[in-house]
Structures are given as C-alpha cells and as structure tokens.
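The figures here come from the full heavy-atom set of this structure, side chains too, leaving out hydrogens, waters and symmetry mates.
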Amino acid sequence: MHAASLKSRAIMFALLAGMVAFVLALAATYDGSLSWMGLSNALIPAIICATLCWASAQRQLSTVAAAIDAAVDRIKSASEGDLEGPTPPEIGQHIPQLGSAMERLFAQIGANLESVHRLALFDSVTGLPNRTHFRRSCERMLSGLPPGQHAALLFIDLDRFKIVNDTMGHAMGDMLLGMVANRLRAVSERLCTDNALAAPLIGRLAGDEFTIFFPDVLVPELAGRIGRGVLYALSEPFDLNGNEVEIGASIGIALRPDHGTSLTDLMRAADAAMYHAKERGRGRVEYFTEALAAELADRAQLENDLREAIERDQFALVFQPQISSTDGRMVVAEALLRWAHPRFGLKLPGSFIKRAEETGMIVEIGDWVIDTVAGTISRWHAAGHTHRLAINVSPRQIDHAGFFRRLREALRAAGAPARLLELEITETMAMHCGEETLNAIAALRADGATIAIDDFGTGYSNLARLRDLPVDRVKIDRSLVEHIATKAQARTIVQAVIGLIHGLDCEAVAEGVETEAQAEVLRVIGCDVIQGYAIAQPMAEAALMQWAQTPVRAAAG
C-alpha cells in the first residue's frame, strides 16, 4: 500500500516536471503563432525531462523500498526474540526517523521484558531467586550431580519475624528480610571459601522461609557445620533504623542421597527437620532422621484416615456429666468427641485433633459437631430435659466468627433452644480472640447460651479483659485440683481461684476430679460444680439419660 503510494507520487512528479518543461520550451520558441512544428519541438524536452525525473524517482523509490524491506525483516526477527541485533544501516541512511524509532522501541521492549523476567524469577524484596526459580535451578543442579555425590539442602525459618512485622510494620519487615538475605549471601560465601565449596543456590520461598542448596558437600558432617554457621549469623542482632532486633532461626537439613535424590523429597525432609527444630525449642539445627521419616509417614496416614473418617461418618459424641456440689443434680453434660477407627477402635481427641487442626480438617469435623449438637439439643428439649450440653471450641474454630454464626443458624434450624448450649473456650484462646469473634459469641449468649472459660490456671489471664468477656462459668484446670486432698498449699490456691471466679460473678467448675476426697474438699471450699471420673466416666447418650435419673450423688456430701 505504501509502495503504491510512493510510486503514484513519483509518476505525478515526473508528469508535472514534463508539463513544466513543455510550457517553458513552448514559451521559448513562441514567435506569435502556434504550429505543429513548435508544439513538437516543445514536446521533446518535456518528454526527456519527465523521463529523467521518473528514472531518478524510481531509483530513490527502489532505495526506500529496500530500506523498508530491511525494516520488515528486522521487525520480524525482533518478534522472534532478537531484540539486541543491530538496525540495518540502510534504514538509518534512507529513513532516519524510522531507524531511530525502531532502536528506541526495541530498547524499551528489551528493558520491559528484562523487568518482567526479573519479577517472574526473583523475589522483589530480597533479590533472591523466588520459589519457582529456586526449584528450577535446584532441579537442574541435582540432575547434573554424580549418583553418589553428597549435597545438602537447608530449610530456614525465621523464629520471631512475625513479631517484628506486626509491631514495626511491613516496611520494616521487608527491610529486615532484605538484611537477612544479605547476611545469608555473606555467610554462604564465607563458608564456601573456608571449606572449598562451590557457590550455593539461595532462595526465598515465601514469607520468612529461605532455602540454601549446597551441591558438593564432601562429607555429611560438613552440612551440620554449615547449618550452625548460618544459625549463628542469623542470631546476631539486626539494626533497623537504630533499633536492635533479634530474630534467630530454626534450620532443617536434608542430605542427598541419604534423604532423597529429587528436590521434592529433599524439600519434604528438610521441612520436616525444620519443624522438628521448632518443636524442640527453636534456634536449633536438626537433621532429617529415620524417626522423622516414620513420623511423616504416620502423619500422612493419619491425614488419610481422618479424611476417610469424615467421608464415612466415623465420629461420635460421648457425654460426661457435671453435677452441682450442693445437691448432686446434673447441670451440664460435656460432649466429648470420639473417633470409631475401623482398625484401632475408639480413639480419643488427643490422638488426632492436632493433626486435624494442622490440615484444616477441624473445620469439617466442627461442622459435623455443630449439626450433631444441634440435633442432640433438639431431642433433649423435646424430651423435657433442662440440663445443658457443653462443647469445646478448638483454636482453629475460634479464629473464625463464621463458626459461631453457623452454630447459631444450626440451632435455629433444628428448633434447639440456645439456653441448652454451653460453649467452652480455653483461657489462652479467650485472651486472644478478635472483636468479630467476641461479637459472634455475645450474640449466642444473648440467645441464651452459656459461655465457659476452660482450663483456667494453665495460661496467661488479663483479669481486666476476663472481666469484660461475655463469660458465665470458669472451669478450674485439673492440674490445680490434683493435690487439693493431700496438700494444704494446693487447697489454698484453689480456694483463692474460686474466690476470684466468684468475684467476677461467674460460677466455679472443677474438672478432673478423680476421688471422693477431692470432691469433698471442693464442696467445702465453695466450688459450685464438679466434673471427673469420681462423678462419672464419659458415656453414650442413652446411658447418660439413664444415669441422670439417679436421685442422689455420692459427691453431693
């Protein structure tokens, strides 16, 4: 299209030049009259002039066309990824504006692509390879190692980074992460120099998690020295705008080929070793071991079994009564979760709740408990029972106000009055739950539900906050109750705790009462309600209803 336009312009130019030459020649030979001879003589220079102009324009046209063809070829190679090749000189000579525009365009596209490439492969905060880049590079390095060569993967998790991030702000948190990355580079370079090792690959996986891969650890013991060196470097204080901050780290080490030859196996092993370091007190370096491997296998099996239990409805509730210490009547029955495992029989919550919380399956189990509790309360209400049903709330559930809203909706849908429900929340959880959760709990309490603080005496309590919480009952932990029948000091402590609970205008409940002597002491010192094996063991619903008909309790005095 452009070529046709250039060609038509050249023709027009030649015709106009010929016409001008014809007029000038005609004027030069004009003698007062026009003749065919005069016209013929004037036409000859016009034709010559037009022809010469056309030839000149045609030559120029062919030169420009060649430059345009070169530009098209250059653009085509750029579209295939060649952004650094030179611009053909004929473009700059014959179409200089196009040549300079192409050079600026390719330079800008190259810079943009480099920026995108960096964002895709490198962490913007630390400049280290991100998860994707680290994995690709590490897998490539692993594939090139000889079969028997030892290598080490370090999984590093900062111990107190979240506190810094929450108290000093995300900008300071990012600054700290950048300083950690610089310190990891420095200590890795020093360790490699001291031990004649090849340069390692350092990456930031996410948040405060870092990894370092050493491809040629000559002996396994060297990995431990490397880990301790990294741990020491990260335990030194960081200067954040004049503020000294100490964070520390927990490090897990996996060795190739001992713990796997693929990156997936090594990452899983190093991650498990890191969590083991945290469980043992943080600020440690731990190797992956066979014991950890067995633990991983057990956890994986437990996770699969839990998922199957949810799908096949293998859970059940049993109930342990709480009685009034003055008249022995049952006032509450605490619902306790049990898992009817197809191979191992009835399993207590302590054997699976932690894993359920770690995997998030506690939410599904909680939904099952909500529906079951709502149905049970509905049956009790229909049968005319007045005692409450108490359920425990897990840490994972108390973080979500939706759990309490869902419970409220389930009660209403089942026609179960909230006054027959009691929620038990541990002391530690009660101190840290958010405003939204407190509002959801308060809404249930406004409907008639009772709220109890569980395990009181085992955590940290802010009494001012405890006073402001929507709480009706406080359950004294079994660890305080254990020695009240044999030690005067234990009795004094429990009596003081009961006084404190009554001072908060709450009812005092003692759990874990194992003997009649403990029950008698609790009655004498003013405890309102008692619960434990001295009263009754957990039982099925039908057995509980029959037990509740017993008129007198031995613990009533």
Side-chain angles (χ1 to χ4, degrees), residues 126 128 131 134 138 150-167 173 176-177 179-192 194-195 197 200-214 217-238 244-256 258-260 263-300 354-355 357-358 395 428:
T126 63
L128 295 174
R131 177 184 291 271
F134 179 85
C138 197
H150 283 97
L153 179 70
L154 277 64
F155 199 108
I156 304 163
D157 188 270
L158 305 182
D159 283 339
R160 289 176 290 277
F161 171 75
K162 188 177 185 302
I163 297 174
V164 176
N165 211 34
D166 292 344
T167 58
L176 178 58
L177 289 173
M179 296 170 73
V180 168
N182 290 336
R183 198 169 286 188
L184 289 177
R185 291 186 186 98
V187 70
S188 296
E189 183 178 347
R190 179 178 59 79
L191 288 168
C192 289
D194 293 347
N195 297 282
L197 300 176
L201 177 65
I202 310 174
R204 180 192 176 200
L205 297 186
D208 57 354
E209 295 178 343
F210 295 82
T211 48
I212 309 179
F213 177 68
F214 288 86
V217 176
L218 301 179
V219 291
E221 293 76 16
L222 180 57
R225 294 202 297 272
I226 292 171
R228 288 189 292 274
V230 173
L231 188 67
Y232 178 78
L234 295 180
S235 66
E236 291 293 303
F238 292 86
E244 272 201 356
V245 173
E246 295 184 10
I247 52 173
S250 298
I251 302 176
I253 299 177
L255 298 174
R256 175 199 187 271
D258 306 53
H259 306 139
L263 180 60
T264 299
D265 291 340
L266 292 175
M267 288 282 281
R268 186 185 298 115
D271 185 45
M274 183 275 293
Y275 275 107
H276 185 55
K278 281 191 176 295
E279 289 172 356
R280 295 192 62 187
R282 301 175 181 265
R284 301 176 59 89
V285 178
E286 293 289 342
Y287 281 100
F288 185 72
T289 62
E290 291 302 320
L292 276 179
E295 183 181 328
L296 276 181
D298 290 343
R299 286 167 60 184
K354 182 179 178 181
R355 188 58 183 159
E357 290 176 342
E358 291 172 349
T428 302

Self-check item: For A273 against E286, the heavy-atom pair lying closest together
Solution: CB-O, 3.4 Å
Quiz item: CG of L266 to CZ of F213: how many Å apart, nearest 0.5 Å?
Solution: 7.0 Å
Quiz item: Sequence neighbours excluded, which residues qualify as ring-ring contact (aromatic ring centres under 6.0 Å, His included) partners of F288?
Solution: H259
Quiz item: What pairs with Y287 under side chain to side chain contact (heavy atoms under 4.5 Å, CB included), at least two apart in sequence or on another chain?
Solution: A223, I253, L255
Quiz item: Is the number of heavy atoms from other residues, nucleotides or ligands within 6.0 Å of CZ (F238) greater than 12?
Solution: yes
Quiz item: So, do L154 and F210 sit near enough that their side-chain heavy atoms are less than 4.5 Å apart?
Solution: no
Quiz prompt | C192 SG to I226 CD1 distance, which is reported to the nearest 0.5 Å | solution = 7.0 Å
Exercise. State, to 0.1 Å, how close S250 and A277 come at their nearest heavy-atom pair, and which atoms those are.
Key: CB-CB, 4.1 Å
Quiz item: With sequence neighbours excluded, what pairs up with R268 under the side chain to side chain contact (heavy atoms under 4.5 Å, CB included) test?
Solution: T264, D265, L296
Exercise. Please report the shortest heavy-atom distance between P200 and S188, naming the atom on each side.
Key: CG-CB, 3.7 Å
Practice problem: Taking salt bridge (charged side-chain N to carboxylate O under 4.0 Å, His left out) as the test, write out the residues that go with R131, two or more places apart. | Solution: none
Exercise. Could you list the residues that satisfy side-chain hydrogen bond (donor to acceptor under 3.5 Å, both in side chains) with R183, not counting sequence neighbours?
Key: none
Quiz prompt | R204: partners by side-chain hydrogen bond (donor to acceptor under 3.5 Å, both in side chains), with sequence neighbours left out | solution = D123
Quiz item: Which salt bridge (charged side-chain N to carboxylate O under 4.0 Å, His left out) pairs, counting each pair once, include a residue from residues 228-237, with sequence neighbours left out?
Solution: none
Quiz item: Who passes side chain to side chain contact (heavy atoms under 4.5 Å, CB included) against R185, sequence neighbours left out?
Solution: L128, A181, N182, I202
Quiz item: Where is the tightest heavy-atom contact between G173 and F161, given as atom of each residue plus distance?
Solution: O-CE1, 3.4 Å
Quiz prompt | Any side-chain heavy-atom pair of L153 and M267 under 4.5 Å | solution = yes
Quiz prompt | For R190, salt bridge (charged side-chain N to carboxylate O under 4.0 Å, His left out) partners two or more places apart | solution = D194
Quiz item: Would you say L222 and H150 make side-chain contact, with heavy atoms under 4.5 Å?
Solution: no
Quiz item: How far does CG of L184 sit from CG of L234, to the nearest 0.5 angstrom?
Solution: 5.0 Å
Exercise. Would you please name every residue forming a side chain to side chain contact (heavy atoms under 4.5 Å, CB included) with L231, sequence neighbours left out?
Key: A249, I251, V285
Practice problem: Could you note down all residue pairs passing salt bridge (charged side-chain N to carboxylate O under 4.0 Å, His left out) where residues 151-162 supplies at least one of them, sequence neighbours left out? | Solution: D157-K278, D159-K278, D159-R282, K162-D166
Quiz item: Between E358 and R355, does a salt bridge (charged side-chain N to carboxylate O under 4.0 Å, His left out) hold up when you go through it step by step?
Solution: CA-CA 5 Å; E358 291 172 349; R355 188 58 183 159; 2.9 Å; yes
Quiz item: Below 4.5 Å, heavy atoms only, C-beta onward: do V180 and I156 meet side chain to side chain?
Solution: no
Quiz item: Taking atom CG of L176 and atom CG of D208, what is their separation to the nearest 0.5 Å?
Solution: 9.5 Å
